[in-house]
Amino acid sequence: MTDNRKPKQALARRSFLQSASALTAGTAGVVAGAKSALAASADPAITELKDWNQYLGYGVDAQGYGVPSSFEDKTIRRWVPWLTASAESSVNFSPLYDLTGFVTPNGLHFERHHGGIAEINPAEHRLMIHGMVEKELVFTMDDIKRMPSESHFYFTECAANSGMEWRGAQLNSCQFTYGMVSTAQWTGVPLKWLLEYAGVKDGAKWILAEGADASGMTRTIPIEKARDDVLVAFAQNGEAIRPEQGYPLRLVVPGFEGNMSIKWLRRIELGDAPYMTREETSKYTDLLEDGRARMFTWVQEAKSVITNPCPERPVNGQGHYKIQGLAWTGHGKIKRVDVSTDGGKNWQTARLHEPVLSKCMTRFEIPWEYKGGDALLVSRAMDETGYVQPSMSELQAVRGVNSIYHNNAMQTWLVNPSGEVENVRLG
Ligand code: CO
């Protein structure tokens with residue numbers, strides 16, 4: 001950055017103080033926990049001139065691509081080095097407690113790679129469609145971008161999100177237990193239009209999607225889903241997809257486990273049977289109590305988590321707070337979220353932030369007065385099909401404890417008298 005700051009005249013101090021006190025008077029009555037206007041008048045943050053009041057800031061030429069304030073440098077993705085064998089086949093978790101609304105900024109979207117982040121020159125990237133089609137097709141990126149497109153907000157959740165927690169509370173962290181879910185506005189060409197263009201042959205029941213990364217990630221998707229809402233996406237939140245999210249082209253399979261949204265998409269093959277790839281036989285299956293494994297469990301069912309407070313965002317003394325969190329379901333829209341502060345004995349219905357979109361994260365919020373002592377914070381999501389998020393004991397009655405994937409049980413945070421928040425399992 002170039003430092004082009006120059007001294008400038010002090011601000012008109014009188015008008016600044018007048019507008020500041022007017023603001024305080026107007027909001028003091030509604031902001032629970034705010035300092036009184038009288039106490040604030042002696043606050044040096046108000047009475048002392050700061051550098052930024054007196055000197056010019058950086059010019060518009062200081063940075064071509066904007067970055068967050070340096071005061072926000074703790075809002076980052078984090079990984080757990082011991083969790084995986086290498087950084088190239090690993091997970092980077094999103095800091096859910098620092099986000100607002102339902103959009104995940106592109107630099108904070110969780111990452112999951114199986115062969116590192118492929119760095120692809122878009123001029124050398126192709127998408128091939130072949131197999132049981134009338135005409136086999138190869139698209140350049142220019143071809144894809146010239147076609148009609150759509151934009152949709154969808155959540156993406158790794159099937160292994162919360163996967164450590166089956167046998168009891170493990171990691172004392174919202175980021176590491178829930179941070180493998182994110183939401184973006186994806187822009188691309190609906191896959192059904194590409195399939196229509198190629199002409200699907202009678203008897204084609206499945207597609208195979210393949211990535212161009214070093215792992216050659218492949219998954220099978222039923223033709224009904226491929227002809228429904230799957231996107232072949234080239235943009236994420238208004239800009240090109242980030243390299244770690246599959247630049248320049250990826251599949252977005254709304255509501256299904258994240259692994260199926262193949263990144264760095266290079267090939268789609270149509271066939272009459274599932275392809276039984278490693279990632280749907282050895283991995284991404286759910287081992288049951290009797291030793292059998294469930295396969296092709298695709299939909300991420302209704303789930304929710306309280307993101308504030310949480311272990312990383314403790315409570316600072318008694319008083320007024322809001323409990324906030326996120327809910328999502330692969331079956332459509334979130335219909336209702338209930339919150340309990342006593343471990344599920346009593347429930348209140350939270351307010352949902354608009355808009356509530358299908359297969360998208362929904363933010364919920366409820367006011368809370370912390371009166372000290374222990375509090376057990378739980379959230380419970382319901383979706384538009386009537387499905388209710390289960391407790392862990394309800395989930396284990398069906399699934400046992402051998403699973404890694406598809407843990408959508410209710411989460412409990414214990415607020416203890418010091419204000420610290422712990423990940424606990426209710427008996
Ligand atoms: Co599954």
Inset, instruction - Please answer whether the main-chain N or O of Ile223 pairs with a side-chain N or O of Trp206 as donor and acceptor at a distance below 3.5 Å. - result: no

Legend entry - Pairwise side-chain contact, Asn407 with Arg399, heavy-atom cut-off 4.5 Å (strictly under): no

Legend entry - Min side-chain heavy-atom separation Phe256-Lys359 under 4.5 Å: no

Inset, instruction - Give a yes or no on whether the backbone of Gly107 and the side-chain of Arg77 come within a donor-acceptor separation of less than 3.5 Å. - result: yes

Legend entry - Arg219 vs Glu280 side-chain heavy atoms within contact, under 4.5 Å: yes

Inset, instruction - Step through it carefully: locate the ring centre of Tyr284, locate the ring centre of Trp298, and say whether they are under 6.0 Å apart. - result: no

Legend entry - pair Met260-Glu279: side-chain heavy atoms closer than 4.5 Å: no

Inset, instruction - Evaluate the side-chain proximity of Met147 to Leu194: yes if any heavy-atom separation is below 4.5 Å, no if none is. - result: yes

Inset, instruction - Verify the distance criterion only: is there a donor paired with an acceptor across the side chains of Gln348 and Asp338 at less than 3.5 Å? - result: no

Legend entry - Basic-acidic side-chain contact under 4.0 Å: Asp98, Arg313: yes

Legend entry - Residues that Tyr178 engages under ring-ring contact (aromatic ring centres under 6.0 Å, His included), provided they are two or more places apart: none

Legend entry - Donor-acceptor pair, side chain of Trp264 and main chain of Met217, under 3.5 angstrom: no

Legend entry - Flag side-chain contact, heavy atom, 4.5 Å: His353 against Phe102: no

Inset, instruction - For the residue pair Gln236 and Asn106, confirm or rule out a side-chain donor-acceptor distance under 3.5 Å. - result: yes

Inset, instruction - Kindly say whether Asn161 contributes a backbone atom to a donor-acceptor pair with the side chain of His406 at under 3.5 angstrom? - result: no

Inset, instruction - Look at the side chain of Glu420 and the backbone N and O of Asn416, then say whether any donor-acceptor pair between them is shorter than 3.5 Å. - result: no

Legend entry - Lys225 NZ: over 12 foreign heavy atoms closer than 6.0 Å: yes

Legend entry - Side chain Asn308, main chain Gln324, donor-acceptor under 3.5 Å: no

Legend entry - side chain to side chain donor-acceptor pair (under 3.5 Å) partners for Gln389, two or more places apart: Ser304

Legend entry - Any side-chain heavy-atom pair of Leu208 and Ile268 under 4.5 Å: no

Inset, instruction - Look at the side chain of Lys145 and the backbone N and O of Gly188, then say whether any donor-acceptor pair between them is shorter than 3.5 Å. - result: no

Legend entry - Ring-face cation of Arg250 near Trp186 (centre distance under 6.0 Å, axis angle within 45°): yes

Inset, instruction - Taking atom NZ of Lys371 as the centre, report whether more than 12 heavy atoms of other residues, nucleotides or ligands fall under 6.0 Å from it. - result: no

Legend entry - Qualifying residue, where the test is side chain to side chain contact (heavy atoms under 4.5 Å, CB included) with Ile366 and the options are Val337, Val339, Ile306: Val339

Inset, instruction - Determine whether the aromatic ring centres of Phe176 and Phe93 lie less than 6.0 Å apart. - result: yes

Inset, instruction - Verify whether one side chain among Glu422 and Trp413 offers a donor that lies under 3.5 Å from an acceptor in the other. - result: no

Legend entry - Residue pair Glu384 / His331, side-chain donor-acceptor N/O under 3.5 Å: no

Inset, instruction - Count the heavy atoms of every other residue, nucleotide or ligand shown that sit under 6.0 Å from CD of Glu119, and state whether that count exceeds 12. - result: no

Inset, instruction - With side-chain contact (heavy atoms from CB on, under 4.5 Å) as the test, would you mind laying out the steps for Val181 and Thr156 before giving the verdict? - result: CA-CA 6 Å; Val181 64; Thr156 305; over 6 Å; no

Inset, instruction - Indicate the atoms forming the closest heavy-atom contact of Pro417 with Asp374, along with that distance. - result: CD-OD1, 3.1 Å

Legend entry - Polar side-chain atom of Thr183 near backbone of Cys360 as donor-acceptor pair, under 3.5 Å: no

Legend entry - Steps toward side chain to side chain donor-acceptor pair (under 3.5 Å) verdict (Ser379, Gln411): CA-CA 7 Å; Ser379 62; Gln411 170 66 38; over 6 Å; no

Inset, instruction - Determine, for Trp347 and Arg380, whether the Lys NZ or Arg CZ falls below 6.0 Å from the six-membered ring centre while staying within 45 degrees of the axis. - result: yes

Inset, instruction - Indicate yes or no: at least one non-hydrogen side-chain atom of Leu377 is less than 4.5 angstrom from one of Pro309. - result: yes

Legend entry - Lys263: which of His113, His114, Glu244 passes side-chain hydrogen bond (donor to acceptor under 3.5 Å, both in side chains): His113

Inset, instruction - Consider only side-chain N and O atoms of Asn259 and Tyr405, and report whether a donor and an acceptor are under 3.5 Å apart. - result: no

Inset, instruction - Report the C-alpha separation of Asp286 and Ser403 in whole Å, then their side-chain angles, then the decisive distance to 0.1 Å, and conclude whether the side chain to side chain donor-acceptor pair (under 3.5 Å) test is met. - result: CA-CA 5 Å; Asp286 311 320; Ser403 287; 5.0 Å; no

Inset, instruction - Applying side chain to side chain donor-acceptor pair (under 3.5 Å), run through Arg278 and Ser282 and close with a yes or a no. - result: CA-CA 5 Å; Arg278 172 184 181 271; Ser282 166; 5.1 Å; no

Legend entry - Donor-acceptor contact present, side-chain Thr277 to main-chain Thr218, <3.5 Å: yes

Legend entry - Atom CG of Asp342 with >12 non-hydrogen neighbours under 6.0 angstrom: yes

Legend entry - Thr329 side chain to Gln300 side chain, donor-acceptor N/O pair below 3.5 angstrom: no

Inset, instruction - Evaluate side-chain contact (heavy atoms from CB on, under 4.5 Å) for Thr307 paired with Val305, printing each intermediate quantity in order. - result: CA-CA 6 Å; Thr307 56; Val305 62; 4.1 Å; yes

Legend entry - Interatomic distance, Trp328 atom CH2 to Asn408 atom CG [nearest 0.5 angstrom]: 9.5 Å

Legend entry - Basic-acidic side-chain contact under 4.0 Å: Glu224, Lys205: no

Inset, instruction - Inspect the contact between Lys303 and Glu301 and indicate whether a charged nitrogen and a carboxylate oxygen are less than 4.0 angstrom apart. - result: no

Legend entry - Main-chain N/O of Tyr275 paired with Thr220 side-chain donor or acceptor, under 3.5 Å: yes

Inset, instruction - Fit a plane to each ring of His152 and Tyr154, take the angle between them on a 0 to 90° scale, and name the class: parallel (under 30°), tilted (30 to 60°) or perpendicular (over 60°). - result: parallel

